[in-house]
Amino acid sequence: MSCSALGRRLVACLLNISEARRKDLVETVARSAITDIKGEKREGVTVLNIFNDSDYNRSVITVVANIELITLALTLAERVAGTSAFLFGWADSPQHRGLAQRRKEIGWFGKVLNVSNIKPDIGSQPTRRYGITGVGASPYVMNCNVTIDTQDLALGRSVASAIRESSPGGIPGVQVMALPHEGAVEIACNVESVHGSSSSHGEEQWPNVSIGGQTFCHAPASLITARVAELIKHHGVAIKGTALVGFTPRECRRLAEGAISNGIGEFWKELRRVHM
């Protein structure tokens, strides 16, 4: 996701890592985004937020930087031993295959991932020790997780199927799975941007973002929540809550402008103080 701020273009990165319980380690990873190999502070970069999910032992780190710093991603495989990656979205040129399609192609959803059969786009042949990383680009992406008050995973999967973009009547830009989570079921959605304005989708107003003269929009969390509520009410099930991982484009720009202008690299600490 990119936007213009302080006379410069910015890029936001949602870095997903398989660790949440060792928060010191997660914060070490976050700090590596705002310091160079000598440990000195990078200019024009901030970590806006760290989301931890201890149940699934995963974290999402939101990094925003001057778009010039995106060239750092190209050296990842060279600097970090064992790194290999597949590309998706705008990073997968010229095919621009989506994340779900790329995951299917490498067997991501199988019970056992056979890394020896994967051909990476970047880096060395994947190994079980280091795995493989997905690297993609999109005008906008967020996670919208709706928790329903039941342990009926079959119901959750039925709901996920109904709102998935690829299903008839599904929500454009929404990729979704149903997962058991903290004694309930989580309808975990990846929400990507789609080309065009909200008026072309015949729903409530969708947030818009303009990039390179093109307009994109994304399904609002309120719409996803309402669709889930409609599907489960006939089963006597209610929604426990909706959690967003990420920011709207406007909110991202506003927070990043303030953080970068004031040289705040560890903005996630400031965010905690604002929201607690």
Side-chain angles (χ1 to χ4, degrees), residues 1 11-65 69-88 91 99 103 106 108 112-113 115 118 120 122-137 141-143 145 147 177 179-183 186 188 190 243-247 252 255-256 259-260 263-276:
M1 174 177 62
V11 62
C13 170
L14 299 183
L15 177 62
N16 291 259
I17 62 173
S18 299
E19 181 57 65
R21 296 162 191 154
R22 293 181 291 173
K23 290 186 170 55
D24 57 332
L25 178 57
V26 175
E27 293 196 358
T28 296
V29 173
R31 290 190 184 95
S32 70
I34 58 176
T35 56
D36 59 22
I37 58 175
K38 296 180 180 179
E40 297 178 356
K41 181 181 177 182
R42 297 185 192 277
E43 296 299 323
V45 59
T46 183
V47 174
L48 288 185
N49 190 41
I50 300 176
F51 170 82
N52 302 114
D53 186 338
S54 296
D55 199 20
Y56 280 95
N57 198 28
R58 64 186 179 93
S59 297
V60 182
I61 302 170
T62 303
V63 184
V64 181
L69 293 180
I70 199 171
T71 56
L72 293 174
L74 301 177
T75 64
L76 177 65
E78 298 175 0
R79 292 191 179 184
V80 182
T83 299
S84 57
F86 67 89
L87 304 177
F88 65 91
L99 176 58
R103 283 176 165 174
I106 67 173
W108 188 286
V112 178
L113 180 62
V115 294
I118 299 174
I122 297 174
S124 57
Q125 180 63 33
T127 64
R128 293 202 62 81
R129 179 179 181 183
Y130 295 107
I132 187 167
T133 299
V135 177
V141 64
M142 75 168 180
N143 296 116
N145 301 330
T147 302
M177 297 176 65
L179 304 166
H181 190 252
E182 296 180 348
E186 183 178 82
N190 281 344
L244 301 182
V245 183
F247 303 92
C252 176
L255 294 175
I260 293 175
I264 304 173
E266 297 181 355
F267 186 79
W268 80 85
K269 294 181 178 179
E270 303 294 323
L271 191 66
R272 287 176 187 166
R273 285 197 281 268
V274 169
H275 287 273
M276 293 177 65

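As the structure is a prediction and not an experimental result, all values here were calculated from the model.
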Colleague: Going by atom types alone, do H181 and D53 pair a side-chain donor with an acceptor below 3.5 Å?
Modeller: yes
Colleague: Are any non-hydrogen side-chain atoms of I61 and F51 less than 4.5 angstrom apart?
Modeller: no
Colleague: Roughly how far, to the nearest 0.5 Å, is the SG atom of C252 from the CG atom of N49?
Modeller: 11.0 Å
Colleague: Rounded to the nearest 0.5 Å, what separation is found between the CD1 atom of I106 and the CD1 atom of I132?
Modeller: 5.0 Å
Colleague: Given I260, which partner from the list L255, V45, T46 fulfils the side-chain contact (heavy atoms from CB on, under 4.5 Å) test?
Modeller: T46
Colleague: Using the side chain to side chain contact (heavy atoms under 4.5 Å, CB included) rule, take V64 and V11 through it: C-alpha gap first, then chi angles, then the decisive distance, then the call.
Modeller: CA-CA 6 Å; V64 181; V11 62; over 6 Å; no
Colleague: Looking at every non-hydrogen atom in both residues, tell me the closest pair between N145 and R58 and how far apart they are.
Modeller: ND2-NH2, 3.9 Å
Colleague: What heavy-atom pair brings V135 and A91 nearest, and what distance separates the two atoms?
Modeller: O-CB, 3.9 Å
Colleague: Looking only at heavy atoms, which two atoms of S84 and P126 are closest? And how far apart?
Modeller: OG-CG, 3.5 Å
Colleague: Counting N and O atoms only, with roles assigned by atom type, does the side chain of N190 sit under 3.5 Å from a partner on the main chain of V141, one being a donor and the other an acceptor?
Modeller: no
Colleague: For a quick test of reading the model, state the closest non-hydrogen atom pair linking E270 to I264 and the distance between them.
Modeller: CG-CG2, 4.0 Å
Colleague: With heavy-atom distances below 4.5 Å as the criterion, would you say the side chains of V63 and L48 are in contact?
Modeller: no
Colleague: Check for a donor-acceptor pair, side chain of K41 on one end and backbone N or O of D36 on the other, with a separation under 3.5 Å.
Modeller: no
Colleague: Do T35 and E40 touch side chain to side chain, with heavy atoms closer than 4.5 Å?
Modeller: no
Colleague: With sequence neighbours excluded, what pairs up with F86 under the ring pair (Phe, Tyr, Trp, His ring centres under 6.0 Å) test?
Modeller: W108
Colleague: Evaluate the side chain to side chain contact (heavy atoms under 4.5 Å, CB included) criterion for residues L244 and M142: first the C-alpha distance (whole Å), next the side-chain angles of each, then the deciding distance (0.1 Å), finally the verdict.
Modeller: CA-CA 7 Å; L244 301 182; M142 75 168 180; 4.2 Å; yes
Colleague: Working note: N52 + K23, criterion side chain to side chain contact (heavy atoms under 4.5 Å, CB included); need CA distance, chi angles, decisive distance, verdict.
Modeller: CA-CA 8 Å; N52 302 114; K23 290 186 170 55; 3.8 Å; yes
Colleague: Tell me the closest heavy-atom pair linking A20 and V26, and the distance in Å.
Modeller: CA-CG2, 4.1 Å
Colleague: Contact between T62 and C13 at the side-chain level, heavy atoms closer than 4.5 Å - yes or no?
Modeller: no
Colleague: Which atom names give the shortest non-hydrogen contact between V47 and A33, and what distance separates them?
Modeller: CG2-CB, 4.4 Å
Colleague: So how far is it from E43 CD to I34 CD1, rounded to the nearest 0.5 Å?
Modeller: 11.0 Å
Colleague: With sequence neighbours left out, what residues match R22 under salt bridge (Lys or Arg N to Asp or Glu O under 4.0 Å)?
Modeller: E19
Colleague: Got a second to check how far S59's OG is from N16's CG, nearest 0.5 Å?
Modeller: 9.0 Å
Colleague: Going through the distances and angles, do R31 and E27 end up as a salt bridge (Lys or Arg N to Asp or Glu O under 4.0 Å)?
Modeller: CA-CA 6 Å; R31 290 190 184 95; E27 293 196 358; 3.2 Å; yes
Colleague: How many angstroms lie between OH in Y56 and OG in S18, if you round to the nearest 0.5 Å?
Modeller: 13.5 Å
